[in-house]
Number of protein chains: 2
Amino acid sequence: MDAGLGFLLARGGGRAIRTFNRALQPFGVRSRHYMVLLVAIQAGGCSQRDLGVALDVDPSVVVSLVDDLEREGLVRRETRPADRRTRLVTATPAGLDLLDRLRALSQRVDHELTAGLDADERATLLSLLRRVALG
Amino acid sequence: MDAGLGFLLARGGGRAIRTFNRALQPFGVRSRHYMVLLVAIQAGGCSQRDLGVALDVDPSVVVSLVDDLEREGLVRRETRPADRRTRLVTATPAGLDLLDRLRALSQRVDHELTAGLDADERATLLSLLRRVALG
DNA sequence: TATTGTTATACTCTATAACTATA
DNA sequence: TATAGTTATAGAGTATAACAATA
């Protein structure tokens with residue numbers, strides 16, 4: 001099929017999300033929850049606004065994702081005295097523990113998605129995607 | 001950010017769909033309608049089942065996409081005497097005409113999405129994506 | 001029995017606007 | 001006034017199951 005680049009991106013992205021979500025099912029979270037956990041932990045605590053920027057989603061979406069994670073005891077919202085508008089999202093020990101396992105899972109899924117590529121090709125794709133998907 | 005390949009694919013795909021849909025707005029269709037038109041015309045008529053396979057979507061989704069296009073007079077459903085279960089989706093002259101314009105639009109959007117890449121890099125990305133997104 | 005298309009339904013995702021509390 | 005977070009809502013996308021017509 002004479003598919004354009006945008007179509008291939010969209011289709012590959014859909015496939016990536018579905019595959020990862022299926023793999024995440026036993027853990028009771030979905031791919032976006034994983035991303036929130038990942039960003040919050042890597043930053044050592046992160047405002048919801050910054051989470052929205054990092055994930056490229058609306059602040060209102062961040063609210064419900066953090067709600068879900070908080071309900072599961074995986075993150076906490078802390079109010080910072082410096083600016084009492086912002087809520088600093090930090091991981092609990094349970095959140096840190098879960099992220100460790102999900103990181104490995106994420107790598108397995110990435111590998112499965114690119115099963116047809118060798119290591120060099122995978123690295124090339126990753127670097128090109130970074131320049132297209134971010135910024 | 002330490003983003004995995006799946007995350008970058010998902011994010012790039014989302015960006016591609018949103019950008020293309022915005023560009024398509026004046027034409028009254030969305031990206032999936034474009035894909036249906038494209039596949040149906042390239043195949044010179046296509047069953048709904050095959051459209052679903054080509055687009056990687058459920059048959060029930062194809063129904064509503066073809067409904068939309070038929071309502072706009074862009075495609076027709078023909079019953080084939082050979083197998084009266086299948087509906088052959090073919091483009092009308094108006095559909096062919098629209099596709100011509102949308103093809104150019106799609107190329108512009110693809111170019112915009114990969115604005116940071118040179119021609120070689122764009123070709124490499126396209127070929128790698130084909131192997132990841134299809135099959 | 002199996003397949004094509006259809007309908008119905010529920011859930012997720014996306015996008016927007018309006019509101020609150022703080023600055 | 002502007003910003004961070006929240007709530008509400010509508011529209012689009014996704015996933016499933018059940019059904020009719022036909023093979």
Side-chain angles (χ1 to χ4, degrees), chain A residues 7 9-22 24-25 28-36 40 43 45-71 75-90, chain B residues 7 10-22 24-25 28-36 40 45-71 75-90:
Chain A
F7 170 77
L9 263 182
R11 178 143 166 183
R15 200 177 283 256
I17 292 174
R18 282 194 298 272
T19 308
F20 195 31
N21 277 341
R22 261 196 303 274
L24 283 175
Q25 215 158 321
V29 293
R30 291 186 303 280
S31 52
R32 316 266 286 296
H33 298 110
Y34 168 72
M35 290 314 302
V36 168
C46 190
S47 77
Q48 296 191 183
R49 185 191 164 281
D50 289 344
L51 282 171
V53 171
L55 272 63
D56 201 25
V57 298
D58 195 85
S60 65
V61 173
V62 178
V63 171
S64 76
L65 291 172
V66 174
D67 280 351
D68 294 340
L69 291 170
E70 201 176 33
R71 200 179 313 114
V75 302
R76 261 191 301 267
R77 282 189 245 238
E78 294 168 14
T79 13
R80 267 193 304 187
D83 182 344
R84 296 190 15 243
R85 289 175 305 183
T86 76
R87 329 286 313 265
L88 196 71
V89 178
T90 60
Chain B
F7 170 77
R11 179 144 163 181
R15 198 177 285 256
I17 291 175
R18 282 194 298 272
T19 308
F20 195 31
N21 276 342
R22 261 196 303 274
L24 282 175
Q25 215 159 318
V29 294
R30 291 187 304 280
S31 52
R32 316 266 285 295
H33 298 110
Y34 168 74
M35 291 312 305
V36 168
C46 190
S47 77
Q48 296 191 184
R49 185 190 164 283
D50 289 344
L51 282 170
V53 172
L55 272 63
D56 202 23
V57 298
D58 195 86
S60 65
V61 173
V62 177
V63 171
S64 76
L65 291 173
V66 173
D67 280 351
D68 294 340
L69 291 170
E70 200 177 34
R71 199 179 315 112
V75 302
R76 261 192 301 269
R77 282 189 243 236
E78 294 168 14
T79 14
R80 267 193 305 188
D83 182 345
R84 296 188 19 241
R85 289 174 305 182
T86 77
R87 329 285 315 263
L88 196 69
V89 178
T90 60

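Values in this document were obtained by computation on a predicted structure and should not be read as measured data.
Remark: the A/Arg85 side chain and the D/dT3 base include a donor-acceptor N/O pair separated by less than 3.5 Å.
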What is the per-nucleotide protein-contact pattern of nucleotides 9-20 of chain D, from the 5' end, where B denotes a base atom under 4.0 Å from a protein heavy atom, S denotes such proximity for sugar-phosphate atoms only, and - denotes neither?
---SSSSB----
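Inter-residue side-chain proximity for A/Val36 and A/His33 is flagged as unmet; no heavy-atom pair is nearer than 4.5 Å. Using a 4.5 Å heavy-atom cutoff, the side chains of A/Val66 and A/Val75 are in contact. B/Met35 places none of its side-chain heavy atoms less than 4.5 Å from the side chain of B/Leu65. Within the 4.5 Å cutoff, side-chain heavy atoms of B/Arg87 are placed close to those of B/Thr79. Side-chain contact between B/Val57 and B/Val62: present, with at least one pair of heavy atoms (C-beta onward) separated by less than 4.5 Å.
The separation between B/Leu88 atom CG and D/dT22 atom P is 17 Å, rounded to whole Å. Rounded to whole Å, the distance from CG on A/Leu55 to P on D/dG5 is 14 Å. Between A/Asp67 atom CG and D/dT7 atom P there is a gap of 7 Å when expressed in whole angstrom units. When the P atom of D/dA21 is taken as reference, atom CZ of B/Arg77 falls 17 Å away, rounded to whole Å.
Both B/Thr86 and A/Pro81 lie close to DNA chain C; mapped to their nearest nucleotides by heavy-atom distance, the more 5′-ward contact belongs to B/Thr86.
Using a 4.0 Å cutoff to heavy atoms of chain B, the contacted part of DNA chain C runs 5' to 3' from C/dT3 to C/dA15.
Side-chain N or O atoms of B/Asn21 include one that pairs as donor or acceptor with a backbone N or O of B/Ser31 at under 3.5 Å.
Across every non-hydrogen atom of B/Ser47 and B/Leu88, the tightest pair is N-CD1, 4.2 Å.
The pair B/Asp56-A/Arg18 counts as a salt bridge, with a side-chain nitrogen and a carboxylate oxygen less than 4.0 angstrom apart.
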